[in-house]
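Naming convention: chains lettered A, B, ... in sequence-line order (proteins, then strands); numbering from 1 in each chain.
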Amino acid sequence: MTPLFTVEGLVVSRGGHRVLDGASLTLRPGERLAVVGPNGAGKTTLLRSLIGLEKAEHGTITAFGSLRRTEKEFRPVRARAGYLFQDADDQLFCPTVIDDVAFGPLNLGLAPREAAERALAVLERLHLGHLSARITHRLSGGEKRLVALAGVLAMEPEALLLDEPTNALDDVHYRRLLDILSGLPMAMIVVSHDRPFLHRLSTRVLALRQGRLLPAAFHSHPHTHDHLHIHVEGDHAHRH
Amino acid sequence: MTPLFTVEGLVVSRGGHRVLDGASLTLRPGERLAVVGPNGAGKTTLLRSLIGLEKAEHGTITAFGSLRRTEKEFRPVRARAGYLFQDADDQLFCPTVIDDVAFGPLNLGLAPREAAERALAVLERLHLGHLSARITHRLSGGEKRLVALAGVLAMEPEALLLDEPTNALDDVHYRRLLDILSGLPMAMIVVSHDRPFLHRLSTRVLALRQGRLLPAAFHSHPHTHDHLHIHVEGDHAHRH
Amino acid sequence: MKAPGFDRMTPRARLLATLILTLAVVALRGLPAQGAALAGAFALALISGQALRPLLHRLAHVEGFMVLLLVMLPFSVPGTPLVTLGPLVLSAEGLARAIGIALKTNAAILIVFALLGTVEPLRLGHAARGLGAPVRLVQLFLFTTRYVELFRDEIRRRREAMRARAFARRTSLHTFRAYGNLAGMVLVRALEKAARVEEAMRCRAFDGRLPAIGIEEGERGILAGPGLALVVGAALIALDRLP
Amino acid sequence: MAHIPDGVLSLPVGVAGWAGAAALTGFALRSLKEEAIPGTAILAAVFFTVSLVAVPVGPSSVHLLLSGLMGLMIGPLTAPAVLVGLVLQALLFGFGGVTSLGVNLVNIALPGILAGLVLAGPVARATPGRAGVIAGIGAGLCVAATGGGVALALALSSSDFVPSARIMLVTYLPLMAAEALITGFSVGFLKRVKPEALAGARP
Ligand SMILES: Nc1ncnc2c1ncn2[C@@H]1O[C@H](COP(=O)(O)OP(=O)(O)OP(=O)(O)O)[C@@H](O)[C@H]1O
Ligand SMILES: Nc1ncnc2c1ncn2[C@@H]1O[C@H](COP(=O)(O)OP(=O)(O)OP(=O)(O)O)[C@@H](O)[C@H]1O
Ligand SMILES: [Mg+2]
Ligand SMILES: [Mg+2]
């Protein structure tokens, strides 16, 4: 199977500083690639480069079988690789949920009625149908994240690029998101600090270190350490 | 010693819902009080009420020896109890770091030169002197948090109210913050989900449950569980 | 927000009725018709079923130049003297003028409040589109409503942060500088948000042409409300102009 | 502050105002690329929300117009931004009027657009401090022009209004001062933190 993305020797600078310095990766169909790294390592920069929002100084990006360099060459990539922003509020710009989810399909050339139908179908599939007439800015943080995901999925992308998707989610929305993502067939690159989440979702891990991507692996073992509890007076004693 | 804060039977509603429902606490000089509780329990609401940003429906707040009810009565409290916001981004609004740190002293009536001197002194004390001419907006998340703390300390408060101070800090800034706070002499109320941090810093713990504050205690014991690591190829093996 | 009174009228019909009625009110010249207009507008506000307290609050607020205008008119319009205060002469015609303006102004405020007070800005945008407003203007309006609350919250949080650092607003250079910085900071954040939103649009295959977002279809009952407004407006003008 | 309510202006003045407003807005909209709509809306939302902040001047308080700052930041798009602001103002708070909307728009937006045209160059070249002074003076003059516009609209509506229109400008003095100072400081801020924000064209 030909890879969806092949990146080789990517160099990208931001604010005069080389954030990516020879990063390489391959994403094959069905793979779920986790990318980890400390704050400021360049994880967001990497995802942005893959769809041409960040300009590469050196290196090559091959996406969906073709080399991509110019804005024009990247445009079709953005329709086929859905990018979930680190901040959902930036991604929801239409007044109502249904408008927002239908925005992508409309841009793909669907008629308004078809676009609205597809948007509604995606919302239903994510069990968000009841939100469709809601005003986007009145959604809770977790709802915003899921609606943003619906907007991306409505374009029927072949790959997903997810930038810290579990950020600022409460437990309910966290589990919903994990269930949804686990059930999706397409390839993904997931950036996150959330190890249990990555462990359950991803098939392979890369670590971003000094601007390069290094293979990494999850590794789980029993571990003994001091566990810090807080006991509240009046609660039942618990067993350890 | 007379307490800095005495709260009794505090009731505060937000969005039509009783968030605090009979909360009581006392903060004495030199104490470092930890407040813990799940998301949405009302921890932020509690801190905001202490400096009068949230209106109490019932109950009394005594701060620095006087009963406080009106906006006017709370104003001097805000000069004497420094409040570090949950999101440092909300707290910084001046163009440069030195301007921002000097804002509080200026509000206290210092002359511009004195205010700038005091701001610089505080920045130096926190080893942030090199940031003084920087544009606040371009600081990293961790730097923003420390500069916001400097802005609070520049008012020479008698007590600190810290709302999740370790949120979104990377390791370096986390340790810096812990060192700084451990070295400060004043009383504090620290809201946080970060147990190791609270354990090292606080002298007493209260848990917020159903709108009330209950005494709680740290409790530490050895514990075995699965520990999830990510191993990067080429790194040295580590010991568990 | 609930307005049992006008729930069944579509936003487009309400907008049209508002335009017709305010236009009629503005054209009135005599006190009897102006008084009738105010009474009718008040009845409309009652029917709309909204809380009247914010409305009364609003009516109590008069801009500086309007105070000046209303206070000076009785003295500056020549006519039958009613009261003489030294060099100042309060004329009956001038007083009628001032009262008339106050009646018309308040009637118009009541009409807007009654008919549009409960319409979501979003639906109003679509209604304006239905009445022929330019698409881009309506889109600008709709996108703006999307962001107003976001920035209101941001400004509120920042002002609280200022108060938490013992800031008290006064008439002082320090206060003006603080507000200037506040506005500057919020604008910078807004510009960066704008850049990110533009990227988000490009990521969803946006090619420079905004789709005509969700224009509401099938509004019925377009005629009843505005038709009634037309009749009432015409009746008011007739009352005013016919001897 | 510059919101003339319904029922004051004469019909011809109201109609002329609507015509002027339509011309200004139509001209600006033609240059508004569709991809710039969300960005412009974000700025319009900020200008609107900042204008809701009550600024203390002596014993009372004023609300800023921000037209000078808008002119410097978004140029002719000030017209639709002000229009949206006026509509929201009327809907949310009941200020301004329906028939007087056009006059209000012209009174507020036109001075801002002109100030943007004249001052964008000098502000772009100046140091932050000087840019603040230039913009502050410009913004103060914009308020004076708006006051003049209000007075003119009243005087044209009825000769009875002329005496009060004459002394009307006095009521604009506090707003002029607040607007000049706050715009000045904002522009100083923007010059230091994000100078490209004062491009005067589109964001
Ligand atoms: N707009 C910008 N201008 C200049 N430098 C930037 C900008 N955005 C990010 N940077 C810098 O680029 C580097 C990489 O940022 P990036 O956002 O890719 O990191 P990240 O790994 O996604 O971090 P996080 O975990 O905090 O999201 C950082 O050092 C950051 O300071
Ligand atoms: N602006 C608001 N309007 C209405 N309700 C609010 C608002 N802010 C908070 N609340 C509600 O008040 C409750 C308490 O919120 P608060 O922010 O005090 O919780 P918290 O304990 O600080 O939570 P977290 O750990 O998430 O910071 C929550 O249920 C929340 O939904
Ligand atoms: Mg990132
Ligand atoms: Mg909180």
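C/Arg152 places no side-chain N or O within 3.5 Å of a backbone atom of D/Val46 that could act as its donor or acceptor partner. Remark: the backbone N or O of C/Leu69 is not paired with any side-chain donor or acceptor of D/Ser164 at under 3.5 angstrom. A distance-only check finds a donor-acceptor pair linking the side chain of C/Arg136 to the backbone of D/Leu29 [under 3.5 Å].
Across all their heavy atoms, C/Thr105 and D/Pro5 have their closest contact at CG2-CB, 3.5 Å. Minimum heavy-atom separation, C/Ala194 to D/Gly39: CB-CA, 3.7 Å. Nearest heavy-atom pair, C/Thr144 versus D/Ala44, reported as atom, atom and distance to 0.1 Å: OG1-CB, 4.0 Å.
Look at C/Lys104 and D/Asp6 and you find no salt bridge, because none of the NZ, NE, NH1 or NH2 atoms lies under 4.0 Å from a carboxylate O. Salt-bridge formation is detected for the pair C/Glu192/D/Lys194: a Lys NZ or Arg NE/NH1/NH2 atom is positioned less than 4.0 Å from an Asp or Glu carboxylate oxygen.
Neither the backbone nor the side chain of C/Arg189 comes within less than 4.5 Å of any heavy atom of chain D. For D/Ala28, no part lies under 4.5 angstrom from a heavy atom of chain C. Of the atoms belonging to C/Thr145, it is side-chain heavy atoms, and not backbone ones, that fall under 4.5 Å from chain D. At a 4.5 Å heavy-atom cutoff, the contact between D/Val50 and chain C is made by backbone and side-chain atoms alike. D/Ile4 touches chain C through backbone and side chain together, each having a heavy atom under 4.5 Å away.
Taking the side chain as every heavy atom from C-beta outward, C/Glu198 and D/Pro38 never approach each other to under 4.5 Å.
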